[in-house]
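Report on the structure given below.
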There are 2 protein chains.
Amino acid sequence: MVRSDHRPGSQLPVTPTTLADVAERAGVSRQTVSNAVNNPDLLRPDTLERVRQTIAELGYSPNRAARNLRTRTSSLIGLRFTPAQEGTANAMMDRFVHSLVEASDEAGYHVLLFPADDEDPIGGYDNLLRSTAVDAFVVTDTYLGNPQAAWLSQQRAPFVAFGRPWDDDVARHVWVDVDGAAGTRLATQHLIDRGHTRIAWIGWRKDSPIGEDRRAGWVSTMHANGLPTTGMASRVEDVVHSGAEAAAVLLDESEPTAFVCASDTLAMGVLHTLWIRQLAPGRDIAVVGFDDSQVAQVFPVGLTSVRQPLEDVAVEIVRTLSALLSHQPVETRGVLLAPTLAIRGSS
Amino acid sequence: MVRSDHRPGSQLPVTPTTLADVAERAGVSRQTVSNAVNNPDLLRPDTLERVRQTIAELGYSPNRAARNLRTRTSSLIGLRFTPAQEGTANAMMDRFVHSLVEASDEAGYHVLLFPADDEDPIGGYDNLLRSTAVDAFVVTDTYLGNPQAAWLSQQRAPFVAFGRPWDDDVARHVWVDVDGAAGTRLATQHLIDRGHTRIAWIGWRKDSPIGEDRRAGWVSTMHANGLPTTGMASRVEDVVHSGAEAAAVLLDESEPTAFVCASDTLAMGVLHTLWIRQLAPGRDIAVVGFDDSQVAQVFPVGLTSVRQPLEDVAVEIVRTLSALLSHQPVETRGVLLAPTLAIRGSS
DNA sequence: CACCCCCCCTTGATCGATCCAACTGCGTGA
DNA sequence: TCACGCAGTTGGATCGATCAAGGGGGGGTG
């Protein structure tokens, strides 16, 4: 990134400097200035130096609109911003957006946010696409039956999805995702290593493929270690009190010594039940959550949680987008990244 | 907002439709189509209808770059995105950004994110401004000594700050802020109403004007009710364990029955100490936090917390920005909004 | 010496919208 | 009858960059 100098005394001219201004001042043509900016190799070193000096003197920066018009690009990446639901612990968007902004910046892109309209999930995409306001999209909500990915594919709009195309085997778009099953495998194995044998699962309803994926990690690790899973699992809504209820039932019926949860929200429910029953998390009963939310981080003893590598996801997404936009062949259709486990007091 | 139809069968043409295409098809001139979009009043009703129909048929949407170039605007609002710090509960950015995106959309703007570079706090602003990539900025981090507001003012760049210009009495820029003192007044009065008389304060270090503002609300309410404040206050770093330590000291030395905290992070520290001492929050000791973070919402018994009206802040900011950008006189230089109290189990 | 080529740079056209000034047809009043 | 105003429409110029093609000078080659 070029770091412009901004002396306290300098002030932006009323009419910004244009390429023509620079050209005249430097005694060269417009095209030469353009080349100095975009294709420095084409200039003789001394000319390049002279033009660059003039650019610095005048504080010139190419007009985005003009460049966009001519090149038919915008250097913008569209992201439909969906906020964290109130009353849940699920706030990974914040971290992800930050990473995406950073990664995009390094690749020369900016991130454009647009609102989610539940009644018209495609509307925002359609408008931006038609008006050529963005070069590409990052699609984050690839839940089952979401029409966005299919629609964008059909429009031949460049985009990368954060999330696998669960419902559609023939989906031809590019995606980056986190291996949820690997995360719960880490969590379950961690508990087994600590000596637990009766490890319960509290996850989401069966219609959530993400939830089923995470559940699969628990199941496979339990079985691989010859441990029982029957009667040890519960599928509920992703809200705190559902997690609390599920924990209460499981504690009564199956006497688990540890819980693996599909989310930090559910884990907080478990902790609530433990609190009511005067059971100490970490000492009496171990709990592991998913997402490494701020909740997990500041909870008194700390909640052990599976942490998604959102920084890596963002970097991978931007890398893929850059390739797509420069019409390079994209080698792989999907990338699956491994999460880590943030171990804290609750286990 | 215009809702475009996007039938599943339709596909974006390789070369997007232009105004000229619409004009030809509708049998009118380009200017007439432009007027149909921007100044419908100038057209005869039947002509307008015909043009609109053609626009719909062709799925035309004005090219953003061309419009931006000609009108010297971008309909973009720049926001420097700073993520929540790890290990704290302070995640209001998420809610604020969402509100800002919604409010901006309704006013015809989009939000452009750019990364924070700590070494060069103005770099991002400077680049976007020079290249006329955004129309205005929303500045969020108006902490003491932050040069951004002053610099932007000096560049005559339109912007609205979320946060008062604490350090600079002569600052002439427009701002919107939340009345932190009013928030802690609400919190303190709430505790007094519940019968508490020994109410402690845990806040930030003295060099934070925001922290001092919040503290003032506690002080004034205590005094107004003839309650003591000496020896009941502590100023620490905004991290969990500092809050925990401060709570321990205060409990030992001053025997408070309630705590008001400058942040949910500190409140979590208090809750940690209560947990260690086997004291039940809400029953034995009351705790109130600040920010109504997700942490406050999902904590087992729930943490009572001051909630900033971020939706209103966003609306007010966008309203002010729109006025600034249309060169209307801005009536007030600053707007102060009142927070509310989200009451939960901890009090 | 003529020729070609390559390097470096310049010139005119273009992207697609809006701004500007002028032009048309129609009705009105002198 | 004709000037005039008004509403609706028109073609041309413009925003500021990049694309495509063209030109001049120096060096190498036949």
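For the numbers below, each heavy atom of this structure counts, side chains included, while hydrogens, waters and symmetry mates do not. Every chain is numbered from 1, with letters handed out A, B, ... down the list of sequences.
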Inset, instruction - List the protein contact pattern of nucleotides 15-21 of chain D with one symbol per nucleotide (5' to 3'): B for base contact, S for sugar-phosphate-only contact, - for none; contact means a heavy-atom distance under 4.0 Å. - result: BBBBBB-
Legend entry - Pairs touching residues 63-76 of chain A that satisfy salt bridge (Lys or Arg N to Asp or Glu O under 4.0 Å), sequence neighbours left out: none
Inset, instruction - Could you tell me which residues satisfy side chain to side chain contact (heavy atoms under 4.5 Å, CB included) with B/Asp41, sequence neighbours excluded, listed by chain and number? - result: none
Inset, instruction - List for me each residue that meets salt bridge (charged side-chain N to carboxylate O under 4.0 Å, His left out) alongside B/Glu316, sequence neighbours excluded, and say none if there are none. - result: B/Arg319
Legend entry - Rounded interatomic separation in angstrom, taking CG from A/Asp41 and C1' from C/dC9: 15 Å
Inset, instruction - Output yes when at least one side-chain N/O atom of B/Thr32 is less than 4.0 Å from OP1 or OP2 of D/dT10, else no. - result: yes
Inset, instruction - Output all residues satisfying side chain to side chain contact (heavy atoms under 4.5 Å, CB included) with B/Thr54, sequence neighbours left out; order by chain, then residue number. - result: B/Val22, B/Arg25, B/Ala26, B/Leu58
Inset, instruction - List in chain and number order the residues that pass side chain to side chain contact (heavy atoms under 4.5 Å, CB included) with B/Glu311, two or more places apart in sequence or in another chain; answer none if no residue qualifies. - result: B/Arg95, B/Ser99, B/Arg307
Inset, instruction - Provide, to the nearest angstrom, the distance between the CZ atom belonging to A/Arg44 and the P atom belonging to C/dC6. - result: 19 Å
